[in-house]
Protein chains: 2
Amino acid sequence: MVKAEQSPEQSMAAEERILKAATTIFREKGREGARMQEIADAAGINKALLHYYFRSKDLLFERVFIESARLFFSRLNEILQSERDIFQKITQLCDAYISLSVENPFIPVFIIGEMNHSQDIFISKMFTATQTRPDFSIFREQLQAAAAEGMIRPVAPHHLIMNILGLCIFPVIAKPMMQFNMGIGEKEFIAMMEERKRLVPELIISSLKIEKK
Amino acid sequence: MVKAEQSPEQSMAAEERILKAATTIFREKGREGARMQEIADAAGINKALLHYYFRSKDLLFERVFIESARLFFSRLNEILQSERDIFQKITQLCDAYISLSVENPFIPVFIIGEMNHSQDIFISKMFTATQTRPDFSIFREQLQAAAAEGMIRPVAPHHLIMNILGLCIFPVIAKPMMQFNMGIGEKEFIAMMEERKRLVPELIISSLKIEKK
DNA sequence: GTCTATATATGGATAGAC
DNA sequence: GTCTATCCATATATAGAC
């Protein structure tokens, strides 16, 4: 515990503590709601050190946002471009995004909020930085092939992806509404989301298989 | 144009202009992102007058939030408690919430964001003020009756409502993500949401009718 | 690298004239 | 009711000692 030393580990520790604290607070309160003082307190250092390491609130925010967006979107790409068939991919996507949202309930609200509050130019820049722009080409071809074979009915990829993400993520961001408007408690909510890991893939897949009209 | 007069109409006009401007700006930027100066500018008056009419930013925000929440949640109640059967109600809910979200794209993000950023006590107070707490009893009974008759398979109301709202609202709040991550332009987005007025009820209703297992 | 102290800017709110 | 001018608290950011 030789605290006087200025070892690289000490330096790293402070920088990481700041980043960890900033991540928590930005995600919970958003860019505008977060306070540098609060981040400093949570990191156990003072405001001056924040600026020493990250120069400004905007830059610190960018770091947090990019990392959050990467965490959120990288799974999408991984699953879409794997070697699995469409049904496995759908099941994996549901499981991944329900788990991700339940375990990090602030991330979806954070990303959605900031994306809707920022200028297009900023969002574009952030996305380029995350390097997670998903490639739908493989998935699209799989869907077309399956439709051509009569295995499923034709479906536009963006509709399908929105269906999956909406069904998996929306309940998490609407949780307060469910609490106050529908009387769903914490335990019921957890149970409900667990049920949805089974219900949502079933719903999505059955809708593809039905021969209607 | 006798501007010197202090008629009640003049007074009303200013108050309403403020409320209109505040509504727009709070919805777009959120409670923390909104600036009283900006609201004053948009209303064509100065900051002092904001406080004259609404006392504080918090009170002005409450007015806007309550009115927005009322607009958003009142449709839910209306439809759930109407005399229609469950299939008509589902179709109406989809149509209503797609239209509402497309026409007022900031409202869902606004309500969701503020509900996730506020204390439970505040949210609770706001909801009491809106007087729009939905009553699911009729809808629940209808679902149970239909299931008992074998018309549909059993389904929990809160799952069903989340499915509907998620499928209708999520694409709107995820619009920036679709733009930058999936290359969906403004025209494609509008067309997509129009398609969903047909696709979503079809998806929901078919999932209820299927006899699986 | 880390701190204390301080500069600077900004935003919400009030005082007081008209 | 409406304005200008100003106060005051808070927030980001910097200077400079250690």
Side-chain angles (χ1 to χ4, degrees), chain A residues 1-65 114 117-119 122, chain B residues 1-65 114 117-119 122:
Chain A
M1 291 298 185
V2 194
K3 214 156 173 295
E5 279 185 311
Q6 294 169 1
S7 68
E9 286 71 24
Q10 287 280 336
S11 158
M12 288 284 289
E15 189 168 354
E16 277 181 15
R17 284 210 312 280
I18 293 171
L19 209 46
K20 190 162 180 287
T23 300
T24 304
I25 289 169
F26 273 124
R27 283 184 188 166
E28 281 188 24
K29 310 204 169 181
R31 173 188 216 147
E32 298 276 0
R35 296 285 171 258
M36 295 294 267
Q37 183 62 60
E38 198 181 355
I39 293 171
D41 293 345
I45 46 89
N46 57 51
K47 281 187 295 179
L49 215 55
L50 290 184
H51 290 89
Y52 174 79
Y53 280 111
F54 297 95
R55 186 112 196 122
S56 73
K57 184 182 182 182
D58 279 352
L59 288 174
L60 182 54
F61 172 80
E62 287 189 14
R63 280 287 294 272
V64 171
F65 183 81
E114 300 307 330
H117 290 152
S118 303
Q119 301 285 332
F122 175 81
Chain B
M1 296 299 181
V2 194
K3 214 156 173 295
E5 279 184 313
Q6 293 169 2
S7 68
E9 285 74 24
Q10 288 279 337
S11 158
M12 287 284 287
E15 189 167 353
E16 276 182 16
R17 284 209 313 279
I18 292 171
L19 210 46
K20 191 161 180 287
T23 299
T24 304
I25 289 169
F26 273 124
R27 284 185 188 165
E28 281 187 24
K29 311 205 167 179
R31 174 188 215 147
E32 298 277 1
R35 296 285 170 261
M36 294 296 267
Q37 183 63 61
E38 198 182 353
I39 293 172
D41 292 345
I45 46 88
N46 56 53
K47 279 190 296 180
L49 214 57
L50 289 185
H51 291 89
Y52 174 80
Y53 279 110
F54 295 95
R55 187 108 196 125
S56 74
K57 185 182 182 183
D58 279 352
L59 287 174
L60 183 54
F61 172 80
E62 287 190 13
R63 280 287 294 270
V64 170
F65 182 80
E114 300 306 330
H117 290 151
S118 303
Q119 302 285 332
F122 175 81

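First the proteins, then the strands, lettered A, B, ... as listed; each starts at 1. The model shown is predicted, which means the values in this text are computed figures rather than measured ones.
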Quiz item: In whole Å, what is the span from the CG atom of Asp41(B) to the P atom of dT2(D)?
Solution: 16 Å

Practice problem: For Ile45(A), answer base if it contacts any base atom (sugar-phosphate contacts may also be present), sugar-phosphate if it contacts only those atoms, and nothing otherwise; contact means non-hydrogen atoms under 4.0 Å. | Solution: sugar-phosphate

Quiz item: Do any of residues 24-33 of chain A sit with a heavy atom less than 4.0 Å from DNA chain D, and if so which?
Solution: none

Exercise. Determine, for nucleotides 4-18 of chain D in 5'-to-3' order, which nucleotides have protein heavy atoms under 4.0 Å from the base (write B), from only the sugar-phosphate (write S), or from neither (write -).
Key: B------SBBBB---

Practice problem: Using side-chain contact (heavy atoms from CB on, under 4.5 Å) as the criterion, list what pairs up with Thr23(A), not counting sequence neighbours. | Solution: Arg27(A), Val64(A)

Exercise. Heavy atoms only: give me the nearest Ala42(A)-Ile25(A) pair and the separation to one decimal.
Key: CB-CD1, 3.9 Å

Quiz item: For DNA chain D, what is the dot-bracket line, given that a base pair needs Watson-Crick (N1 to N3, plus N6-O4 or O6-N4) or G-U wobble (N1-O2 and O6-N3) geometry with both distances under 3.5 Å, and | means paired with another strand?
Solution: ||||||||||||||||||

Quiz item: Mind checking what makes side-chain contact (heavy atoms from CB on, under 4.5 Å) contact with Lys47(A), not counting sequence neighbours?
Solution: Gln37(A), Ala40(A)

Practice problem: Round to a whole Å and report the spacing from CG of Leu50(B) to P of dG11(C). | Solution: 14 Å

Practice problem: Using whole Å, report how far CZ of Arg17(A) lies from P of dG1(C). | Solution: 13 Å

Quiz item: Which residues pass the side-chain contact (heavy atoms from CB on, under 4.5 Å) test with Phe122(B), sequence neighbours left out?
Solution: Arg31(B), Phe61(B), Glu62(B), Ser118(B), Met126(B)

Quiz item: Residues in salt bridge (charged side-chain N to carboxylate O under 4.0 Å, His left out) with Glu38(A), at least two apart?
Solution: Lys29(A)

Quiz prompt | side-chain contact (heavy atoms from CB on, under 4.5 Å), paired with Arg63(B), selected from Leu19(B), Asp58(B), Ile18(B) | solution = Leu19(B)

Exercise. Name all pairs fulfilling the ring-ring contact (aromatic ring centres under 6.0 Å, His included) condition that reach into residues 28-51 of chain B, sequence neighbours left out, sorted by first residue then second.
Key: none

Practice problem: Tell me, please, which residues at least two apart from Ala48(A) pass side-chain contact (heavy atoms from CB on, under 4.5 Å). | Solution: Asn46(A)

Quiz prompt | Heavy-atom pair with the smallest gap, counting every atom of Phe54(A) and Leu59(A) | solution = O-CB, 3.4 Å

Self-check item: Test salt bridge (charged side-chain N to carboxylate O under 4.0 Å, His left out) applied to Arg35(A) - qualifying residues, sequence neighbours left out
Solution: Glu32(B)

